[in-house]
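Beneath this line is the structure, given in structure tokens, with notes to follow.
Atom set for the values below is all heavy atoms of this structure, side chains included, hydrogens, waters and symmetry mates excluded.
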Amino acid sequence: MTTAAQALVGASTEFLKRFSPFDQMEPEALDFLGERLQLGHFAKGTTILSPDMGQPRHFFIIQRGKVQASQAGSVAVTEYASMTLGPGECFPIGAISAGRPTTNNYVALEDSFCYQLPARDFMELMRISPEFHVFCTQYIASLLNQSRLQLQTTFSQRAAEQQTMTTPLGHLIKHDPVFVTPDTPTRSALEIMAEQRIGCMVVVDGDHHPVGILTQSDLLPRVVLPEFDLSRPISEVMTSKPHVLSVAATAYDAALEMATHAVRHLLVVDSRERLKGVVSERDLFTLQRIGLRQIRASIEGAEDIEALQRASQDIRQLALNLIAQGIGAEQLTRFISALNDALTRRIITLELGRHDLHGIAFSWIAFGSEGRHEQTLSTDQDNGIVYAAGDADKTEIKRKLLAFAKDVNNALAACGFPLCKGNIMASNPELCLTLEEWQQRFGAWIREPDPQALLNASIFFDFRVLYGNERIGDELRHWLLKAARNNSTFLRMMAHNALQVAPPLGRIRDFVVEDDGMIDLKKSGARLFVDVARILSLRSDVESSSTVQRLRISGQKSGMPDDEIDAMVEGFHFIQLLRLRAQHLDTEHDEPGDNKINPDQLNELDRRILKEAFRQARKLQLRLKLDYQL
């Protein structure tokens with residue numbers, strides 16, 4: 001016989017099954033939920049929940065009626081200021097998950113009935129139901145999307161001037177691809193190029209997989225000047241292993257690929273890697289007023305610092321346009337880094353013309369954020385040199401390199417990259433060393449990890465070769481990973497050091513602010529992710545210097561769930577996005593407060609996401625704390 005209580009539970013679960021995520025929830029979890037729900041009635045105009053009620057005691061699911069969620073306080077929010085919730089919708093997920101008062105007022109718009117689940121049972125439901133857990137943890141992704149839309153609205157006028165860079169490459173292809181096979185005589189291929197008026201010829205195999213490309217710019221050095229026999233196959237003059245992207249990749253992805261590898265054509269392939277078309281720099285150029293082609297052309301053609309200064313300003317303007325288009329922080333920082341790399345290499349090339357370094361093997365190394373491909377719009381110089389020399393000529397080679405490095409550092413400063421106040425620059429004799437000297441320097445820090453050594457490691461261990469001999473950099477990295485991985489004491493000290501700064505989350509207020517009412521998003525935000533990711537990569541033998549790649553690869557190696565890694569990465573990206581907005585929109589570039597924000601001036605949506613991002617940093621730190629028993 002069915003009891004009245006069982007009947008009510010049955011009615012509750014049947015109702016819930018009509019709505020997500022309850023319709024996907026595991027049967028036992030749904031039973032758990034149904035058995036604990038209580039139905040409450042709220043007359044029209046009743047305040048169901050508000051910030052002054054303190055930490056919510058219940059999780060609400062609307063059974064009948066309408067509830068208005070409106071932002072508390074005076075901060076204006078465009079989209080999220082007021083929202084009407086109906087049957088099947090629930091609240092307040094963020095507040096009850098974080099154990100803090102809600103930031104919204106929830107008022108019954110009409111006579112309404114709400115199921116109420118006690119807060120402790122809400123947490124237990126998250127534990128026993130993976131489906132419900134995913135629903136709650138993905139809440140931050142939903143909020144991030146809303147934030148991006150809100151940002152685009154803010155910049156709607158600018159965005160309207162630009163076509164989107166998020167267009168899939170498949171939508172940019174207007175014509176069927178023109179191609180030949182590898183054994184095609186070169187003359188025939190050139191005749192087709194002339195007839196079709198195309199700037200490149202793609203070479204495919206029997207399955208239409210691209211195997212090469214020949215562009216107009218290849219003709220002079222490979223065909224005309226060497227007097228290449230045009231009856232010979234095109235495979236002898238084409239560029240093998242051409243750069244390829246999928247039809248689902250975006251115009252932004254193509255722009256980044258071109259900027260990184262200095263190519264003007266990309267081949268687009270389908271899911272079976274068959275050629276679908278070609279995207280050229282000109283195609284992307286039409287998407288943007290200040291585009292990649294202009295900036296790259298101005299960098300590559302620059303003959304003096306004045307021209308590079310203008311290119312540097314264009315890079316910042318392009319970044320603003322990309323922010324307006326809603327480009328994510330990871331892509332944006334990589335884009336900035338790729339163009340800044342090109343600018344730095346051009347400066348180095350110009351200075352090499354003024355210094356006699358012929359026969360000297362050296363590499364220009366980027367440290368810190370530049371070494372991680374995570375440059376924002378406000379960054380000073382962190383660089384060094386590694387070179388090869390025998391004992392007999394080392395002094396003279398170093399003298400020449402230091403003179404050269406000083407001019408490069410000054411040129412970079414003239415282009416908007418301030419000289420490093422800590423003198424972490426290649427012109428510093430302490431940072432212009434041979435491979436063996438760098439190994440000795442790193443080795444000393446690992447063997448004796450005092451506070452200064454740990455600080456140095458946090459800067460210098462994030463490095464990559466920006467110009468010169470890649471082999472030297474790879475050799476140094478392999479040596480470093482092995483040396484660090486084999487020294488558990490050093491890693492433990494690094495972990496202890498990484499825990500010295502806690503996320504600025506308050507027990508009473510949302511955030512703990514500094515004396516000036518601000519939060520430093522670099523010191524108290526991004527750095528927390530960067531420090532932990534570095535340690536995880538060192539112990540996991542991960543060669544990448546990118547924080548996100550380090551988190552993803554080392555996280556997978558250590559068995560972290562994918563959704564947990566995704567949440568941490570999203571948290572890091574959001575903090576980086578706020579930094580970029582603060583640097584470009586709220587302050588003048590190079591001001592001391594470039595990385596600071598006043599949380600009270602954020603809209604409610606961004607406040608909630610920022611708090612969730614800090615919670616992800618805390619979770620990452622907690623993992624480190626448990627791993628090393630700190």
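- Between V204 and P210, the closest heavy-atom pair is CG1-CA, 4.1 Å.
- When side chains are defined from C-beta on, S558 does not count as touching L536, because their heavy atoms never get closer than 4.5 Å.
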Steps toward side-chain contact (heavy atoms from CB on, under 4.5 Å) verdict (I198, V278): CA-CA 10 Å; I198 53 179; V278 179; over 6 Å; no

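- Pairs engaging residues 338-348 under the salt bridge (charged side-chain N to carboxylate O under 4.0 Å, His left out) rule: E303-R346, D341-R464 [sequence neighbours left out].
- By the neighbour-count criterion of 12 heavy atoms within 6.0 Å, atom NZ of K557 is densely surrounded, having more than that number from other residues, nucleotides or ligands.
- Between the side chain of Q576 and the backbone N or O of A526 there is no donor-acceptor pair closer than 3.5 Å.
- With contacts defined as side-chain heavy-atom distances shorter than 4.5 Å, the pair T186/I234 qualifies.
- A 4.5 Å side-chain heavy-atom check between L16 and M25 finds every atom pair outside the cut-off.
- Interatomic distance, CD of Q24 versus CG of L30, reported as 11.5 Å (0.5 Å rounding).
- Electrostatic pairing of D474 and R471 does not count as a salt bridge here, judged by no charged N lying under 4.0 Å from a carboxylate O.
- Expressed to the nearest 0.5 Å, how far OH of Y467 lies from CG of L352 amounts to 4.5 Å.
- Side chain of S363 to backbone of N469: a donor-acceptor contact under 3.5 angstrom is found.
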Stepwise side-chain contact (heavy atoms from CB on, under 4.5 Å) check, H573 with V569: CA-CA 6 Å; H573 285 163; V569 168; 3.3 Å; yes

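- Residues L219 and L214 form a side-chain contact, since some pair of their non-hydrogen atoms from C-beta on lies under 4.5 Å apart.
- Using a 4.5 Å heavy-atom threshold, the side chains of T184 and T181 count as touching.
- The shortest side-chain heavy-atom distance between E28 and I128 does not fall under the 4.5 Å cut-off.
- Residue-environment remark: CD (E236) exceeds the threshold of 12 foreign heavy atoms within 6.0 Å.
- Ring pair F463/F367 is perpendicular by interplanar angle, where above 60° counts as perpendicular and below 30° as parallel.
- Contacts of S188 classified as side chain to side chain donor-acceptor pair (under 3.5 Å), with partners at least two apart in sequence or in another chain: none.
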Residue pair I609, E570: steps toward the side-chain contact (heavy atoms from CB on, under 4.5 Å) verdict: CA-CA 10 Å; I609 302 174; E570 288 287 358; over 6 Å; no

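- Closest approach of S246 to L169, counting heavy atoms only: O-CD1, 3.9 Å.
- Rounding to the nearest 0.5 Å places CG of L125 at 10.5 Å from CZ of R127.
- Under a 3.5 Å cut-off, the side chain of H243 and the backbone N or O of R264 do not form any donor-acceptor pair.
- Put simply, the side chain of T547 never gets that close to the backbone of V530: no donor and acceptor are under 3.5 Å apart.
- Side-chain contact, R552 with Q549: no donor N or O sits under 3.5 Å from an acceptor N or O.
- S537 places no side-chain N or O within donor-acceptor distance of the main-chain N or O of R550, the cut-off being under 3.5 Å.
- In this structure, the side chain of D253 engages the main chain of T250 through a donor-acceptor pair within 3.5 Å.
- E612 places no side-chain N or O within donor-acceptor distance of the main-chain N or O of G571, the cut-off being under 3.5 Å.
- Annotation for C415 and I347: closest pair SG-CD1, 4.1 Å, computed over non-hydrogen atoms.
- A distance of 12.0 Å separates OG1 of T13 from CZ of F22, quoted to the nearest 0.5 Å.
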Candidate pair L343 and F417, rule side-chain contact (heavy atoms from CB on, under 4.5 Å), full reasoning: CA-CA 11 Å; L343 189 141; F417 302 93; 4.0 Å; yes

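- Here the closest heavy-atom approach between residue A613 and residue F529 is recorded as O-CZ, 3.5 Å.
- For the pair G473 and V465, the tightest heavy-atom approach, listed with the atom from each and the gap, is CA-CG2, 3.6 Å.
- Of all heavy-atom pairs between P185 and S231, the closest is CB-O, 4.0 Å.
- Of the N and O atoms on the side chains of D218 and T215, at least one donor lies less than 3.5 Å from an acceptor on the other residue.
- Surrounding CZ of R485 are more than 12 heavy atoms belonging to other residues, nucleotides or ligands, all under 6.0 Å away.
- A distance-only check finds a donor-acceptor pair linking the side chain of S545 to the backbone of G371 [under 3.5 Å].
- L491 is linked by a side-chain contact (heavy atoms from CB on, under 4.5 Å) to L538, R539, Y628, counting only residues two or more places apart in sequence or in another chain.
- The structure places CD of Q616 at 6.0 Å from CE of M568, a figure rounded to the nearest 0.5 Å.
- Looking only at side-chain heavy atoms (C-beta outward), P242 and H265 stay at 4.5 Å or farther from each other.
- The residues E564 and R623 are annotated as salt-bridged, a charged nitrogen and a carboxylate oxygen being separated by less than 4.0 angstrom.
- Crowding of N486 atom CG: a count of heavy atoms from other residues, nucleotides or ligands under 6.0 Å exceeding 12.
- Counting only distance, with no hydrogens or angles, the side chain of E475 and the backbone of I472 share no donor-acceptor pair below 3.5 Å.
- Side chains of F614 and I575 form a contact here, defined as non-hydrogen atoms less than 4.5 Å apart.
- Under 3.5 Å, the side chains of T239 and R222 contain a donor-acceptor pair of N or O atoms.
- Note that the CG atom of D382 and the CG atom of D462 stand 10.0 Å from one another [nearest 0.5 Å].
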